[in-house]
Amino acid sequence: MIDRRTFGKAIGVGAAGTAAASLTGLSSPSSAVAVPSSGPGADRAATAATAATAPTSHTGGGSFPALKQVKAGELTIGYAEAGPAHGPAVILLHGWPYDIHSYGEVASLLAARGHRVIVPYLRGHGTTSFLSPKTFRNAQQSVIALDIIALLNALKIEKAVFGGFDWGSRTADIIAALWPERCKALISVTGYLITNREKNKLPLPPSAEWAWWYQYYFATERGALGFEKYRHEFAKLIWRNVSPTWKFDDATFDRTAAAFDNPDYVPIVVHNYRWRLGLAEGDPRYDRLEARLAAAPDIAVPTITLDGELDPFTPAGDGAAYRDKFTGPYDHRTLKGIGHNVPQEAPEAFAEAVLDVDRF
C-alpha cells in the first residue's frame, strides 16, 4: 500500500482543507472536516468547515453505469466514465485492496460540475486484462504508470487532473514527476509515495513494522497460497484495520470484492509487494525509469495532498515529511475522523480538493 519509509501515525491535525460545503446538495450531507491553514485553498476552507465538529464517514455507496473497455499498451483496460465527453478530464486511480468503486460518489460530484471523469481498473483488477497470456505479470511501479499513460493515449486525452490513493497515489505521483506535460494538477493521498527499493531494505522500528504484516506474508509461498484462498477475507480485514471508523456494509464490500476475482489479481499483488522489498525482479526494459524514480524526483505540478487522520500509514508531522517534494503551487489537508480509503470515506472533501487544485 504505502511506501514503508513514509509510515507513521498522525499525531495531530492542523492542515489546510475544505469540508466541501460548496458541494452540499450534490451528495449526502456528511463530510470530512479539515482544518484551514495558509495554503492556496485556505480562504475557501475558512468559510467551508467547522473544525470542531467530527465528521461522519460515508458507508461507501455510489456505483457506475456500464463499464467500457479499451486496448492500451499490453492490456485491455476496463474503466468507468462519468460526465460530459468534452469536459476537462479527471483520472481517478484506486488502491489495494480496493477498486473503482472507491470513487463512485466522487465521480458523480465531479461529473455534475462538468468534468469528464475516468476511473480505470488497475492491472490485475476487475475487467482489466492482459492481451497475451505470455506477458510477464509485472507490477513494478513504473509499469503501472505506463498503463495509465497508454490509457490516456488510447482515449486521446492529452492532459488531465490526476487523483489517487494508495497504489493510485504512487501511480499519479509518478506520472506527475516523469510526464508533467500529461498532468494538469494532482491530488495525492498520503503525499509522496514514489518507492525507493534501496531505502525499503532498511528496517523500521517494530511499532511501525507491525502494520506491514501482509507484506512479509506475501514474501512467502504460504502467504501467496493463503492470499489466493482467502482473497476476500483478506481484503475485508485490511479495510477494517486501516479505516477504523468506516462502517461499510456487505453490499459495498461485495461490489468491490468482485474485482478481486480477476485471474491476474493474486500474481499482480504478490509481485508488487515482493518487488518493493527487492524479492522479485521487474522488467529490465524499465530500469532507466526506475533509476529516475529511485532518485526521488520533485513534483512541480499544482498539488493538494490529503491525509486521513486515522489512517495508520499517515506520516506524522501534518505533511511535513514530504512537503519539500512538491515544488509547485501546493496545499495540504488533513481529514478528521477519516482512515485510509479517503475518496470513499470522504467523497465531498476529495471532490472539493479536485475542484480547488484545478483552479491553482
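Since the structure is predicted, the reported quantities are computational estimates derived from the model, not experimental observations. In what follows, every heavy atom counts, from backbone to side chain, and hydrogens, waters and symmetry copies are set aside.
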Checklist entry - Between Pro297 and Leu178, which heavy-atom pair has the shortest distance, and what is it? => result CG-CD2, 4.4 Å

Item to check | Aromatic plane relationship, Phe218 with Trp96 - under 30° parallel, 30 to 60° tilted, over 60° perpendicular | outcome: perpendicular

Item to check | Polar contact flag, side-chain donor to acceptor under 3.5 angstrom, Glu74-Ser132 | outcome: no

Checklist entry - So, does Arg182 use its side chain to make a donor-acceptor pair with the main chain of Lys159 at under 3.5 Å? => result no

Checklist entry - Regarding His125 and Asp264, is there a side-chain donor-to-acceptor distance under 3.5 Å anywhere? => result no

Checklist entry - Is there a side-chain contact between His115 and Asp358, using heavy atoms and a 4.5 Å cut-off? => result yes

Checklist entry - Does any non-hydrogen side-chain atom of Gln140 lie less than 4.5 Å from one of Asn272? => result no

Checklist entry - Sub-3.5 Å donor-acceptor pair from the side chain of Thr76 to the main-chain atoms of Lys71, do we have one? => result no

Item to check | Pair Trp167 + Tyr98: ring centers closer than 6.0 Å | outcome: no

Item to check | Stepwise salt bridge (Lys or Arg N to Asp or Glu O under 4.0 Å) check, Arg274 with Glu221 | outcome: CA-CA 11 Å; Arg274 290 182 179 181; Glu221 288 309 301; 3.0 Å; yes

Checklist entry - How far apart are the C-alpha atoms of Ile157 and Arg116, what are their side-chain angles, what is the distance that settles it, and do they pass the side chain to side chain contact (heavy atoms under 4.5 Å, CB included) test? => result CA-CA 10 Å; Ile157 296 173; Arg116 180 189 183 191; 3.7 Å; yes

Checklist outcome for this item: Heavy-atom closest pair (Leu279 atom, Ala219 atom, distance to 0.1 Å) is CD1-CB, 3.6 Å

Item to check | Heavy-atom closest contact (Leu335 atom, Ala346 atom, distance) | outcome: CD1-CB, 4.1 Å

Next on the checklist: Let me confirm one number: the CG-OG distance from Asp307 to Ser188, rounded to the nearest 0.5 Å.
Outcome noted: 9.5 Å

Item to check | Tyr230 atom OH, over 12 foreign heavy atoms within 6.0 Å | outcome: no

Next on the checklist: Can you classify the ring geometry of Tyr273 versus Tyr214 as parallel (below 30°), tilted (30 to 60°) or perpendicular (above 60°)?
Outcome noted: perpendicular

Checklist entry - When rounded to the nearest 0.5 angstrom, what is the spacing between CG in Leu202 and CG in Asn196? => result 9.0 Å

Next on the checklist: Are Tyr103 and His94 an aromatic pair, judged by ring center distance below 6.0 Å?
Outcome noted: no

Checklist outcome for this item: Here the pair of heavy atoms bringing Tyr322 nearest to Phe326 is O-CD1, 3.5 Å

Next on the checklist: Quick one about Tyr216 and Glu209 (side-chain donor to acceptor, distance below 3.5 Å, no hydrogens or angles considered), yes or no?
Outcome noted: yes

Item to check | Polar side-chain atom of His340 near backbone of Asp311 as donor-acceptor pair, under 3.5 Å | outcome: no

Item to check | side chain to side chain contact (heavy atoms under 4.5 Å, CB included) between Phe260 and Val269, intermediate numbers included | outcome: CA-CA 10 Å; Phe260 309 151; Val269 172; over 6 Å; no

Item to check | Min side-chain heavy-atom separation Leu186-Val161 under 4.5 Å | outcome: no

Checklist entry - Can you say whether the rings of Tyr330 and His332 are parallel (under 30°), tilted (30 to 60°) or perpendicular (over 60°)? => result parallel

Checklist entry - Do Arg123 and Asn138 touch side chain to side chain, with heavy atoms closer than 4.5 Å? => result yes

Item to check | Residues Val354, Val90; criterion side chain to side chain contact (heavy atoms under 4.5 Å, CB included); working and verdict | outcome: CA-CA 8 Å; Val354 172; Val90 178; 4.2 Å; yes

Next on the checklist: According to side-chain hydrogen bond (donor to acceptor under 3.5 Å, both in side chains), who are the partners of Glu233, at least two apart in sequence or on a separate chain?
Outcome noted: none

Next on the checklist: Less than 4.5 Å apart, side chain to side chain, heavy atoms only: is that true for Tyr121 and Ile77?
Outcome noted: no

Checklist entry - Just by modelled atom types, is the Trp246 backbone N or O under 3.5 Å from a matching donor or acceptor in the Ser243 side chain? => result no

Item to check | Tyr79 six-ring centre to Lys68 NZ/CZ under 6.0 Å and within 45° of normal | outcome: no

Item to check | Main-chain N/O of Asn341 paired to Glu345 side chain as donor or acceptor, under 3.5 Å | outcome: yes

Checklist entry - Is any side-chain N of the basic residue among Lys236 and Asp254 closer than 4.0 Å to the acidic one's carboxylate O? => result no

Next on the checklist: Return the CD1 to SG distance between Ile149 and Cys183, rounded to the nearest 0.5 Å.
Outcome noted: 9.0 Å

Checklist entry - Between Phe130 and Arg137, is there a cation-pi geometry (under 6.0 Å to ring centre, at most 45° from the normal)? => result yes

Checklist entry - Hey, any chance Val266 and Leu225 share a hydrophobic cluster, counting ILVMFWY side chains that come within less than 4.5 Å of each other, even indirectly? => result no

Item to check | Polar side-chain atom of Thr135 near backbone of Leu131 as donor-acceptor pair, under 3.5 Å | outcome: no

Checklist entry - Could you go step by step and tell me if Val301 and Ile299 meet the side chain to side chain contact (heavy atoms under 4.5 Å, CB included) rule? => result CA-CA 6 Å; Val301 304; Ile299 293 174; 3.9 Å; yes

Item to check | Straight-line distance of Ile148 CD1 to Ile174 CD1, nearest 0.5 Å | outcome: 11.0 Å

Checklist entry - With sequence neighbours left out, what residues match Glu181 under salt bridge (charged side-chain N to carboxylate O under 4.0 Å, His left out)? => result none

Checklist entry - Taking the inter-plane angle between the rings of Phe234 and Phe227 on a 0 to 90° scale, is it parallel (under 30°), tilted (30 to 60°) or perpendicular (over 60°)? => result perpendicular

Next on the checklist: Pair Asp298, Thr327 - check side chain to side chain donor-acceptor pair (under 3.5 Å), show working.
Outcome noted: CA-CA 7 Å; Asp298 291 343; Thr327 60; 5.1 Å; no

Item to check | Minimum side-chain heavy-atom gap Gln141-Trp275 below 4.5 Å | outcome: yes

Item to check | Under 3.5 Å side-chain donor-acceptor pair for Glu309 and Thr334 | outcome: no

Checklist entry - Hey, what do you get for NZ (Lys201) to CG (Leu277), rounding to the nearest 0.5 Å? => result 10.5 Å

Checklist entry - Is Thr190 close to Pro315 at the side-chain level, that is, under 4.5 Å between some pair of heavy atoms? => result yes

Item to check | Pair Arg333-Asp356, salt bridge (Lys or Arg N to Asp or Glu O under 4.0 Å): steps then yes or no | outcome: CA-CA 12 Å; Arg333 303 172 183 186; Asp356 286 348; 2.9 Å; yes

Checklist entry - Out of curiosity, does Leu146 fall in the hydrophobic cluster containing Phe136 (side-chain heavy atoms, cut-off under 4.5 Å, transitive links)? => result no

Checklist entry - Say you draw a straight line from CG of Leu155 to CG of Leu151; how long is it, rounded to the nearest 0.5 Å? => result 4.5 Å

Checklist entry - Taking the side chain from Asn262 and the backbone from Gly126, do they hold a donor-acceptor pair closer than 3.5 Å? => result yes

Checklist entry - Is the side chain of Thr195 donor-acceptor paired with the backbone N or O of Arg197 at a distance under 3.5 Å, no angle test? => result no

Checklist entry - Just by modelled atom types, is the Phe165 backbone N or O under 3.5 Å from a matching donor or acceptor in the Arg170 side chain? => result no

Item to check | Sequence-distant partners of Tyr286, side-chain hydrogen bond (donor to acceptor under 3.5 Å, both in side chains), two or more places apart | outcome: none

Next on the checklist: Could you check whether any side-chain N or O of Asp173 sits under 3.5 Å from a backbone N or O of Leu193, counting only pairs where one atom can act as donor and the other as acceptor?
Outcome noted: yes

Next on the checklist: Less than 4.5 Å apart, side chain to side chain, heavy atoms only: is that true for Phe162 and Leu92?
Outcome noted: no

Checklist entry - Taking 4.0 angstrom as the limit, do Asp287 and Arg285 come out as a salt bridge? => result no

